[in-house]
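Residue numbering restarts at 1 for every chain, and letters A, B, ... go by the order of the sequence lines. In this text, all values refer to a predicted model and were calculated from it rather than measured experimentally. Atoms considered below: every heavy atom in the structure, side chains included; atoms not considered: hydrogens, waters and symmetry mates.
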Amino acid sequence: MSAVKSGLILLVALALLFLSAGSVEARESAWQDWGYVWKVLTLQSYNARLVILSTSLLGMASGLVGTFLLLRKRSLMGDVLSHAAYPGIGMAFLVMLLLGGEGKWLPGLLLGAAATGLLGVLMVLAIRNTTRLKDDAAMGIVMGVSFGLGVALMKMVSNLPQADAAGLNSFIYGTAASMIFGDFLLILVVTTGAALASLFLLKEFAILCFDESFAASQGWPTLFLDLAMLGLVTSVTVVGLQAVGLVLIIAFLIIPATAARFWTHDLRGMLALAAVIGGASGWIGSSLSALFADFPTGAVIVLVAAAIFLVSMLFGPARGVVPRSWRHARLRRKVGRQHLLRAAYEILEGQQPDVAEPIRNLPIALDSLMTHRSWSAQQINRLLRTARNEDHLEEAGPGQVRLSEAGFGEAARITRNHRLWELYLIRYADIAPSHVDRDADLVEHVLDAEVVDQLESELQDRPSSLEVPPSPHFIDQRAESQAIHRKA
Amino acid sequence: MNWSSLDTWTVAIGAICAVACALPGCFLVLRRMSMMGDAISHAVLPGLAAAFLITHSRVTVVMFVGAVCVGLLTAVFTQWISKSGKVDRGAAMGIVFTSLFALGLIMIRQSAQHVELDPSCVLYGSLEYCVLDIVRVGALEVPRAVLSTGTVMLANLLLCALLFKELRISSFDPALATTMGINANLMHYLLMAIVAVTTVAAFEAVGSIIVIAMLIVPPATALLLTNRLPFVLILSAVIGIASAFLGHLGALTVPPLFDLGDTVSSGMMAVAAGLLFCLAWLLAPQQGLLVRWFGRDLGYGEESQDFPEETV
């Protein structure tokens, strides 16, 4: 309950933040007419076309590879990679100058970035595999050190007399809005390659994600597969870094995959959904930033993805917060109803000293119901209200209730399930009769008819009938404690 | 190589920052939240923008408060997403800091048309310039950064000493901490508050490079060298100081070797910390690669992969 409450408070805070950003936006930009909006969204505007297509492609590809990262609990690898790529740019620049070439040749710089990025990833794996440090510490070390190295190298390089290294620094803060056709082609090739490769290796990656040691025991080359997976991530990250910037590519690798996780338990479905969410946030975000003058494209895309994530986290049917708490509340209601009915039945049993006689449905005092399971007045009122709504209970004078016909049958059935499970636990799990009540309580609410049948056949020597077996332990806690006191 | 008083101050400030970061960093590594420093360094942006938009001033104190608030918010959001959404904590952290950064970027873009607010230089100091910003304390002239980061370092030392037991138990075993009457949740947020204040103060003084490296690398190095938490804390502080000194030395001596211009001391301090880590990785007495590869015959057993040796 408190989690839901704090979640609500956080949501309000987030909404306020968004609103404060939104109010600025409303003041600044005039909304163009709908015809123009349509033109942008359907790619008829040339300016927007490249950006929208590139960001969507990147979103789809990083949604795919990000899913594997998420399942391997390495979502922040994109963060590490993009920092580890930084020194590579400076090094490639230096090497190309030494070889007598032009320092700012883009493919060379990209290659350098990919090389140190991959090296950084290898270091993470090496640290994780050969020390007691965990993934997160290994990533933090590699990221911090390579970021420092990158900054130091860049400063050294920028002082070179023959080099105009000014553009190098903006390399990691690539801006989507200034994309050219060559960038688009590069993105198209790399993302298509990464998508095809990850689909081709889907089975291998799946087994690696879910059970690495099983994969190893089955003879799969896990290290090689791990490297292949991280190689794909590296290629997507480096291309994305250059095209859309550091933060957007980190977000693209994490957010779509995490959002997709809330909708499905199936890996294929999750991959497809992550690609769709990544592509859609790229499409919508870059369209929006094309519509509003001077909105940074990357930032808008991240916020669109974040909004999709928030909706998924709240309402995604597989793991979303709201469906989960709804299922939880339903189970709690069911458990409460079963407890009330069983309490009523046990009280009726207590009023019937002769075991041989059938139990009669007499009115029950509310006080005895409350003390039976030490419910508070508030709890018992809520339970009684639901029971009345379900026609299990009817009024029987002041301070008294009576089970209805349906309620009495249901109570007998529930008590019977409880006793059967208790007997099973006593016989097969060796639980002491005085402790069995609580243990049975953990399971009895989810017993289905099949299990009950099985329990009956397990306890064969008992005459198979629909009667409720007597309780194997004292029910009245006070009577029990009195008995213990008397003995003492 | 000429060593001037400026160099001494640079090393001193770097060392103070390293110690201030390494102390809470130990607990971050133990709690497997090592990426928090990087997350906060990106996430503080909307805090700066909001503080500016609300007060229309660029006073450091206002910016500091805004940044610390958002730093804390990062921790709260991360906790909420990973707890109630059952998301891996790294992923939750990534979602939160990228979204906050994007939000901050938009806020700054929109407000910057009227006023000067450059995201890259509001809160991102530099080790090179902070030694020139001198204030007078009594008879002494010290860089202002020494005062700000020194205060944070002393506060961290004090907190780690006073709350050592609580921080230790709640880091290793939150359930045990709860049964012992320690509010593990409170300790979590206290640690996050310490990290937020420390990182923001250090960003403001010397930039983010030192912070991101010193928060994690010295504690991780110390964890390879010893099994006892008190020694981990002391060693990581020592390693932090050593990397500050070696880093600045490297910044002075390395570039001339390759005929390159001067470089950034903070970056070289991070590199020095990385080199010290590599040394420990190879040579650590019990867990070093050399001992593990060649020392099995000498009676050293295989190290376990967890942190079980710490006794409470």
Examine whether an atom of [X] lies under 4.5 Å from a heavy atom of chain A, and if so say whether it belongs to the side chain, the backbone or both; otherwise answer neither.
X      : answer
B:L215 : neither
B:I95  : both
B:M33  : backbone
B:S99  : both

Using 30° and 60° as the class limits, which term best fits the ring planes of A:H83 and B:H42: parallel, tilted or perpendicular?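 Taking B:H42 first and then A:H83, their aromatic rings sit tilted (interplane angle of 30° to 60°).
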Do you know which of B:V87, B:L224, B:D38, B:V254 has the most heavy-atom pairs under 4.5 Å to chain A?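 The option with the most such pairs is B:D38.
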Looking at chain A, which one of B:K83, B:K86, B:M268 has the largest number of heavy-atom pairs inside 4.5 Å, strictly under?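 Option with the top pair count is B:K86.
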Do [X] and [Y] get their side chains close enough for a donor-acceptor pair, meaning under 3.5 Å?
X      : Y      : value
A:S312 : A:W263 : yes
B:S208 : B:S41  : no
A:S286 : A:T55  : yes

As an exercise: rank A:D79, A:L253, A:L70 by heavy-atom pairs under 4.5 Å with chain B and give me the winner.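 Most pairs with chain B among the choices: A:D79.
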So A:V302 and B:L103, do their side chains get closer than 4.5 Å, heavy atoms only?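 Heavy-atom side-chain distance check fails, nothing below 4.5 Å.
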Salt bridge between A:D135 and A:R128, side-chain N to carboxylate O under 4.0 Å?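 Looking at A:D135 and A:R128, the cut-off is met.
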Where on A:L69 is there a heavy atom nearer than 4.5 Å to chain B: the side chain, the backbone, both, or neither?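 A:L69 has no heavy atom closer than 4.5 Å to chain B.
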Is A:V300 close to chain B through its backbone or its side chain, or both, or neither, when contacts mean heavy atoms under 4.5 Å?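 A:V300 touches chain B through backbone and side-chain heavy atoms alike.
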